[in-house]
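To find a chain, count down the sequence lines: A is the first, B the second, and so on, and within it residues start at 1. Worth knowing before you read on, the calculation uses all heavy atoms, side chains too, and leaves out hydrogens, waters and symmetry mates.
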2 protein chains.
Amino acid sequence: MNIHSLAASSTQTDPGNKRERIIHATIRLISEYGFHGTPISMIAQEAGVGAGTIYRYFKDKDTLVLEIFKQVNCAFKQTLLHGYDEGQPVRDRFLHLCRGIFQYGMKNPYEFKFIEQFYNSPYGTTLRREKIFCNCGDTGQDLPLEQVFAAGQAQQVIKALPLAALIALAIGPIVFLVKDSIAGLIQLDEATIHNTLAACWDAIQQETGTNRQPVVTPSFFATEEKP
Amino acid sequence: MNIHSLAASSTQTDPGNKRERIIHATIRLISEYGFHGTPISMIAQEAGVGAGTIYRYFKDKDTLVLEIFKQVNCAFKQTLLHGYDEGQPVRDRFLHLCRGIFQYGMKNPYEFKFIEQFYNSPYGTTLRREKIFCNCGDTGQDLPLEQVFAAGQAQQVIKALPLAALIALAIGPIVFLVKDSIAGLIQLDEATIHNTLAACWDAIQQETGTNRQPVVTPSFFATEEKP
DNA sequence: ACAGGCGGAATGAACATTCATTCCCTTGCA
DNA sequence: TGCAAGGGAATGAATGTTCATTCCGCCTGT
């Protein structure tokens, strides 16, 4: 798997809309069966094109999937920023982004699961570790969610947990629930979505009231493990 | 020199420990590459046995993986019940189970990812939908986590969210964090684990104080989507 | 008529599974 | 105690299938 052909995308406008059909077929099938579980022949059939035609548009299977991932991932990020206002309070910005992830997953189940598949593959893990990601106007800066966490911690409205933990607390439940929804295991109504998102906020927010267990600081655990 | 006997181990009890070696190799490889990404030949090599030997112990690749899943899933559930006391308060029981998942994942990364892979495969989804699961002393009753949620809701210490949402809020972040840890993307210390688990509780617990946004009820959303 | 996109058969590699053979432990017999 | 035959376990080359990729003749738009 090599990385080239960044922009051979549209030699001429678009002959049929074969490229699009191939992309959608790939997303749908890989989201369900995974990379190794979806042969090129299956993609060709689903797209309604000949197997050879796929190679007119993509160098090989690896390139096909990687290019689709970049495209889908960028579109996903763009979606999150729709209507996003940096001037809003931390809680509102947080909920906007989380709701965006939720809605994206509900409206684009195949893309959502495709992204999941990719991130959980060895290739995806490498990508994350090397922080390559895609550049879709992305200047290498933090994702907005990370900015929200930083701002929230500065204002002491968000817990002083490691970034990875905050991300897990925010996104973990959403991914979990969206996957269950896509699989048809549950039916989500708007109230449940709203309350779940509020619960995600409860998880990361720094309590200021008195009716809460104190958060234990790292130094507490210097010598012992459990009270 | 001698005549019989140092090892009565062979014919019946454990021929070598090949079966074990095959199982461990399968878990390790599938946890990393997925079902379709790990050929039998690779499993045989990793286990240090001939490819044909695997078929002495398992009917085919599907059976191999399914049997391993049952075994691993049951062992996982048993682990969670270690030291579990139904007489404890809801919060303590909840934290015990969540911590158990966390620790299991950290100590058994291959098994943890194997279970993940399985649940996210088409087969795993089907299994979940049909609620077949394995019966390892499992009398078909609810998982302890579900019992805790039910008890907590009865006592009004846990939010009145659908079961699937509560499970997502509890397990989602843990799965997320453990996977990051296994991938080597983060380093977890005990304090972070403790605080993250506490945050999971914050997510599902029903506030009794006054400094909290009210939880919106379903009827609120009957006609509109966003205030 | 022709240039180039297109489908799908052709190709060689890789895969799951089988099977003839080898290996090694047990056991009957001298 | 020594020895060799018997039999189940193990092996890896053989088999038939499926895969990714290539190739070539057809066909459409111009």
Over how many whole Å does the gap from B:Leu64 atom CG to C:dT17 atom C1' extend?
13 Å

How many Å lie between NE2 on A:His36 and P on C:dA14, as a whole number?
14 Å

Which nucleotide in C:dG7, D:dT21, D:dA10 has an atom nearest any side-chain atom of A:Ile40
D:dT21

What is the per-nucleotide protein-contact pattern of nucleotides 22-30 of chain D, from the 5' end, where B denotes a base atom under 4.0 Å from a protein heavy atom, S denotes such proximity for sugar-phosphate atoms only, and - denotes neither?
B--------

For A:Ile54 and D:dT21, give me the distance from atom CD1 to atom P, rounded to whole Å.
10 Å

Could you state the atom-to-atom distance from NZ of B:Lys61 to P of D:dT18 in whole Å?
15 Å

Is the centre of the B:Tyr119 ring less than 6.0 Å from the centre of the B:Phe69 ring?
yes

With B:Arg93 via side-chain hydrogen bond (donor to acceptor under 3.5 Å, both in side chains) - residues at least two apart:
none

From OH of B:Tyr33 across to P of C:dC15 the rounded distance in Å is 13 Å

Applying side-chain hydrogen bond (donor to acceptor under 3.5 Å, both in side chains) to B:Asn120 and not counting sequence neighbours gives A:Lys179, B:Glu116

Sequence neighbours left out, what passes ring pair (Phe, Tyr, Trp, His ring centres under 6.0 Å) with A:Tyr84? Give chain and number order.
A:His96

Taking only side-chain N and O atoms of A:Lys18, does any of them lie within less than 4.0 angstrom of OP1 or OP2 on C:dG7?
yes

Whole angstrom is fine here: how far is it from CD in A:Gln45 over to P in D:dA20?
14 Å

B:Ile22 CD1 to D:dA9 P, in whole Å, measures 13 Å

Exercise: do B:Thr192 and B:Asn195 side chains pair donor with acceptor under 3.5 Å:
no

Do any side-chain atoms of residues 36-47 of chain B form donor-acceptor pairs under 3.5 angstrom with protein atoms, and if so which ones, sequence neighbours left out?
unit_1  : atom_1 : unit_2  : atom_2 : d
B:Glu46 : OE2    : B:Arg28 : NE     : 2.6

B:Tyr104 meets the ring pair (Phe, Tyr, Trp, His ring centres under 6.0 Å) criterion, sequence neighbours left out, with B:Phe76

Given D:dA20, D:dT21, C:dT17, the nucleotide with the shortest approach to the side chain of B:Asp60:
C:dT17

Without decimals, in angstroms, what is the distance between B:Arg19 CZ and D:dA10 C1'?
16 Å

